[in-house]
Protein chains: 2
Amino acid sequence: MPVTARPPGRPRAGIDATVFAATLTTVTDLGYANATVDRIAAAAGVAKTTIYRRWPSKGALITACLVDAFGPVPLTGADRAEILAAAIRWAAAKIAEPGIGAAFAGVFTDAVSDPDLRRILSTQLQDPYRIALQEALDEPETRVLFFIDVVIGTLIHRMGMTGEPMVAADVDALVDMVLRVLERP
Amino acid sequence: MPVTARPPGRPRAGIDATVFAATLTTVTDLGYANATVDRIAAAAGVAKTTIYRRWPSKGALITACLVDAFGPVPLTGADRAEILAAAIRWAAAKIAEPGIGAAFAGVFTDAVSDPDLRRILSTQLQDPYRIALQEALDEPETRVLFFIDVVIGTLIHRMGMTGEPMVAADVDALVDMVLRVLERP
DNA sequence: CCCATTACGCTACTCAAGGTATCGATACTA
DNA sequence: TAGTATCGATACCTTGAGTAGCGTAATGGG
């Protein structure tokens with residue numbers, strides 16, 4: 001007896017992965033502003049209405065795509081410092097991947113003036129990482145939120161201002177800076 | 001003998017300040033996304049075409065408004081640490097002012113996918129402060145750019161994720177964190 | 001086998017907003 | 001008075017997000 005009974009009617013085709021891939025390649029090729037839902041649908045070989053049947057808005061689609069692309073944060077390391085350093089470098093590497101940084105910056109920007117999207121972004125993308133980091137680092141919520149603001153804010157600001165991801169030397173400086181705060185509050 | 005001869009034709013009316021004020025109040029009241037150029041023009045008592053005669057795009061208008069609202073950075077303090085601390089607190093206070101934070105976050109977001117706007121934002125808003133800080137702190141360009149990414153990125157990320165400006169305790173932590181890097185690179 | 005149910009593709013559509021074109025009126029200089 | 005450039009007003013173009021309706025394809029149940 002399955003826990004969730006299969007709902008009646010035609011089952012959904014497994015196109016989520018295809019749409020996510022099309023979203024990232026479209027953003028990479030054309031930029032966030034030109035990555036319209038029409039174009040993403042065309043790139044995925046899917047009707048636009050199908051996309052809106054699965055995600056309520058373009059921002060929700062991008063957010064879901066980002067959640068899928070980021071995956072779980074690797075919490076590896078011998079101590080808290082190593083864990084946090086690994087998480088920062090992982091975030092920097094992810095944001096530097098083609099399309100992800102631009103998509104992230106774009107959806108973040110849209111969220112500023114859109115409370116609904118802000119809630120989606122906060123609960124679906126930020127909260128899981130915040131909770132995982134709280135437990136792994138044994139730090140209070142306010143401090144973890146501060147770390148996230150610093151790390152993600154810095155990486156996105158660089159991406160937005162220059163159009164390029166942050167170079168390795170500056171990522172090193174970012175890791176070093178945050179670790180000092182962790183070790184000597 | 002005036003240095004710049006007055007150009008022929010009807011002179012421009014002195015409405016820049018009026019439009020800037022209308023822009024901030026409109027953003028404050030309605031949010032960045034709902035602060036359309038039509039509404040800003042109406043709030044300023046000015047025709048939309050007049051706005052487009054003076055600023056080439058909405059982003060350029062917002063940027064000019066921000067440049068006007070921020071004004072010059074105060075570089076006061078006995079030593080480099082005090083100067084940088086004062087600059088960070090000044091930035092945090094400005095971004096917390098009604099409308100400014102939302103406008104900043106909005107135009108920043110738009111700039112991510114708009115190279116033209118990115119150039120305007122970089123040259124007209126960031127560069128003056130970067131240059132002034134380079135001289136006041138006697139630090140290389142890359143380091144000052146890193147500081148700007150950290151400070152502005154953190155403040156904007158908080159503003160974008162929560163819709164509220166950063167609280168005083170976190171601004172203190174931000175100042176403390178950056179000062180450590182300044183004093184012990 | 002037929003039916004209810006749901007998903008898909010397609011076309012067409014609405015709506016909002018950035019940005020443009022045109023034109024008459026106005027303010028200033030020479 | 002002629003020339004120039006601005007302002008306001010109206011109308012318009014274009015793009016893109018999101019929706020509605022319809023025929024069709026799958027699936028499970030009777």
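Predicted model, so just to flag it, every value in this text is computed and none were measured. Here is the naming used below: chain letters follow the sequence lines, and residue numbers restart at 1 for every chain. Side-chain atoms are counted along with the backbone in the values below, which use heavy atoms only and exclude waters and symmetry mates.
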*What's the CD1-P distance between A:Ile15 and C:dA7, to the nearest Å?*
11 Å
*Answer yes or no: is there a donor N or O on one side and an acceptor on the other, between the side chain of B:Arg180 and the main chain of A:Arg180, under 3.5 Å?*
yes
*Which of these nucleotides, D:dC7, C:dT6, C:dC8, is closest to any side-chain atom of B:Arg10?*
D:dC7
*Atom CG of A:Asp38 and atom P of C:dT11: how far apart are they, to the nearest Å?*
13 Å
*Between C:dG19 atom C1' and B:Ile40 atom CD1, what is the distance in whole Å?*
14 Å
*Within this structure, what is the CZ-to-P distance between A:Arg54 and C:dA7, rounded to whole angstrom?*
9 Å
*Touch check for B:Thr49, heavy atoms < 4.0 angstrom, all strands: base, sugar-phosphate only, or nothing?*
base
_At less than 4.0 Å, is any side-chain N or O atom of A:Thr36 found next to OP1 or OP2 of D:dG16? Yes or no._
no
_Between P of C:dG18 and NZ of B:Lys48, the distance in whole Å_ = 7 Å
*Which listed nucleotide (C:dC8, C:dG19, D:dG8) is nearest to the side chain of B:Ser57?*
C:dG19
*asked:* Whole angstroms only, please: what is the OH-P distance between A:Tyr52 and D:dA20?
replied: 13 Å
*Specify the separation, in whole Å, of atom CZ of A:Arg53 and atom P of C:dT5.*
17 Å
*Using a strict 4.0 Å threshold on nitrogen-to-oxygen distance, state whether B:Asp16 and B:Arg54 make a salt bridge.*
yes
*Interatomic distance, A:Arg39 CZ vs D:dA17 C1' [rounded to whole Å]*: 13 Å
*Aromatic rings B:Phe70 and B:Phe104: how do their planes relate, parallel, tilted or perpendicular, breaks at 30° and 60°?*
perpendicular
*Please test A:Arg80 against A:Glu183 for salt bridge (charged side-chain N to carboxylate O under 4.0 Å, His left out), starting from the C-alpha separation and ending with a verdict.*
CA-CA 9 Å; A:Arg80 302 194 313 152; A:Glu183 287 165 350; over 6 Å; no
